[in-house]
Protein chains: 2
Amino acid sequence: MQNGSMEEKRLDIHTAGVPLVCRSCEARHKGMCGALTESELVTLARQTRIVHHAAGAELAAEAMPVESYANVMRGVVKLTKILEDGRQQIVGLQFAPDFMGRLFSRESVVSMEAASDVELCRVSKGALERMIAENPALEHRLMQQTLRELDEARDWMVTLGRKTAAEKVSSFLYLIATHIDPTTEGQGLSVFDLPLTRGDIADFLGLTIETVSRQISQLRADRVISIEGVRRVTVPDLAALLARCG
Amino acid sequence: MQNGSMEEKRLDIHTAGVPLVCRSCEARHKGMCGALTESELVTLARQTRIVHHAAGAELAAEAMPVESYANVMRGVVKLTKILEDGRQQIVGLQFAPDFMGRLFSRESVVSMEAASDVELCRVSKGALERMIAENPALEHRLMQQTLRELDEARDWMVTLGRKTAAEKVSSFLYLIATHIDPTTEGQGLSVFDLPLTRGDIADFLGLTIETVSRQISQLRADRVISIEGVRRVTVPDLAALLARCG
DNA sequence: CGTCGAATTGACTTGGTTCAATCGACGTGG
DNA sequence: CCACGTCGATTGAACCAAGTCAATTCGACG
């Protein structure tokens, strides 16, 4: 074999420079790794492992101990909470290059599930926390992301508490379009694959599957969106979609 | 006058030791100031000012620039967001000794209003940010609080998205009882004054005033709570209330 | 005692859920 | 290659929890 495995390549890096796996990783620029120098990045990369999970894989369970953190490299992860009787609510979605895991807590307060096929860059809890302790810039970067997540959670509380079913579904589609489709800045045309099933969307919006389906059909009838299959969505005019978000 | 104003007292402290105003402040122990040494506390205290606001006072407006942060010393502050058409959602409540303000952001993403009469310990944005920059332990403390707020926001998303009106009102009363009444640990009897009007409660729960009122009446009829006036609530058995939270 | 805003209560309407039937894409085995 | 079963999505019809609209009632305060 001409090349070793990806793992071997990474372990073989002893010179300075950005590790191979990090070269195309968004976290290097927009995620937590942006706080690191090249040599720190090399140190961290030695302790990480790229892992793949198929859609539906349970990555962490509510109230279960967690011994690692991760960065999302590809795909979408959903964060969920459930009531004892089974009612479920999705309380967050993580896209690349988001950081995953509840820092400084021994157990997860949410459960995490791969919504689509995902690729994660995993690091042990201890290793990352040691790195954070001696690198305030890294904690600062993670603080910034946490604050952004808090802003997003609060935005979503307005959607959950005060919007109609039609506005909720529009808000969801707008959220996905602006997070997944790289070609848009909230303007014009957008085409993407929904990373969530109708059931997931319902759990995210606090609705039932049937209501989500009806609202999507209505948006289609009103020509705000068009759909091929069940997942591929085309939004001809994002502004028109935004106008329906309440 | 035998004593100078509270302000003068604080400015007069040049010796080491905990500043007078800080002696009885919960933030010293459970809030962000717990990360500071005595001398750092003295430095910070020189740049703070205690301010009072009456219930209803607007402390910061959504999308308006903010030039100061604060710690809640007494009372309750509500964080709200509104849709263009006036629908409003309360996205968070802050109790002593919570930190108030969106760190590292030039404008507020929520508006803040005094829910009850409040006492705040205000500090300029620049002064605190400078202190954070040279004191990683302080940023760590604030990170911990931010993470806790994120956990709370996500808990509340479940309430907003998946609970019935009856469960929402019970959840709200339980939240207030456990945050305001010092005599309980989520067990047994609790007596407290509601810091929010029925309208506020409705905005917190994503309900209407009428529905909140009906659910409170129902809880009273079921002897889960009793009420004197409109604000003073007695919960004879918190466990019974918790059992209705879904 | 009267006024005014907040809270409660009642009657009715409705948006979203529930229950049920059907559709459609996909994978399996005959 | 096609029949069949499965599972997610869609659609329809009936129902109900919460909203709306409309009186009262309560409580604080002058």
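Reminder, nothing fancy here: chain letters follow the sequence lines and each chain counts from 1.
For the atom pair NZ of B:Lys168 and OG1 of B:Thr159, the computed distance is 8.5 Å after rounding to the nearest 0.5 Å. Here the OH atom belonging to A:Tyr174 is positioned 8.0 Å from the CG atom belonging to A:Leu241, to the nearest 0.5 angstrom. Distance check, rounded to the nearest 0.5 Å: CD of B:Glu152 to CG of B:Leu150 gives 10.0 Å. How far CG of A:Leu103 is from OH of A:Tyr69: 4.5 Å, rounded to the nearest 0.5 Å. Taking CG from B:Asn71 and SG from B:Cys25, the interatomic distance works out to 6.5 Å, rounded to the nearest 0.5 Å. A distance of 7.0 Å separates CG of B:Asp117 from CZ of B:Arg74, quoted to the nearest 0.5 Å.
A ring pair (Phe, Tyr, Trp, His ring centres under 6.0 Å) check over residues 193-212 of chain A, counting only residues at least two apart or in different chains, returns the pairs A:Trp156-A:Phe204, A:Phe172-A:Phe204. Here side chain to side chain donor-acceptor pair (under 3.5 Å) pairs that include residues 236-246 of chain B, with residues two or more places apart or in two chains, are B:Asp222-B:Arg244. The stretch residues 53-64 of chain A participates, sequence neighbours left out, in no side chain to side chain donor-acceptor pair (under 3.5 Å) pair at all.
A:Thr80 pairs by the side chain to side chain contact (heavy atoms under 4.5 Å, CB included) definition with A:Lys78, A:Gln88, A:Ile90, A:Ser111, not counting sequence neighbours. Listed by chain and number, the residues in a side chain to side chain contact (heavy atoms under 4.5 Å, CB included) with A:Ile209 are A:Arg198, A:Ala202 (sequence neighbours excluded). Applying the side chain to side chain contact (heavy atoms under 4.5 Å, CB included) rule to B:Arg87 yields the partners A:Arg162, A:Thr164, A:Glu167, B:Leu83, B:Asp85; only residues at least two apart in sequence or on another chain are considered. Remark: B:Gln145 engages B:Glu149 in a side chain to side chain donor-acceptor pair (under 3.5 Å) (not counting sequence neighbours).
Once you apply a 4.0 Å limit to the heavy atoms of chain A, the touched nucleotides of DNA chain C run 5' to 3' over C:dG16 to C:dC19.
Side-chain contact between B:Leu189 and B:Val235: absent, with no pair of heavy atoms (C-beta onward) separated by less than 4.5 Å.
Computed from coordinates, the A:Ile216 CD1 to D:dT11 P distance equals 11 Å when rounded to whole Å. To the nearest angstrom, P of D:dT10 lies 10 Å from CD1 of A:Ile209.
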What nitrogen or oxygen pairs link the protein and nucleotides 17-22 of chain D at under 3.5 Å?
{"from": "D:dA18", "atom 1": "OP1", "to": "B:Ala165", "atom 2": "N", "distance (Å)": "2.8"}
{"from": "D:dG19", "atom 1": "OP2", "to": "B:Thr208", "atom 2": "N", "distance (Å)": "3.4"}
{"from": "D:dG19", "atom 1": "OP2", "to": "B:Thr208", "atom 2": "OG1", "distance (Å)": "3.2"}
{"from": "D:dG19", "atom 1": "OP2", "to": "B:Thr211", "atom 2": "OG1", "distance (Å)": "2.4"}
{"from": "D:dT20", "atom 1": "O4", "to": "B:Arg214", "atom 2": "NH2", "distance (Å)": "2.7"}
{"from": "D:dC21", "atom 1": "N4", "to": "B:Glu210", "atom 2": "OE2", "distance (Å)": "3.1"}

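Overall, the helix from C:dC1-D:dG30 to C:dG30-D:dC1 carries an axis bend of 20° between its ends, with five pairs at each end and the value rounded to 10°.
Across residues 224-236 of chain B, B:Val230 each have a non-hydrogen atom less than 4.0 Å from an atom of DNA chain C (numbered order). A heavy atom closer than 4.0 Å to some atom of DNA chain D occurs in no member of residues 81-89 of chain A.
Taking all atoms of both residues into account, the shortest heavy-atom contact from A:Val76 to A:Pro195 is CG2-CB, 3.7 Å.
Within the 4.0 angstrom heavy-atom criterion, base atoms lie near A:Ser213.
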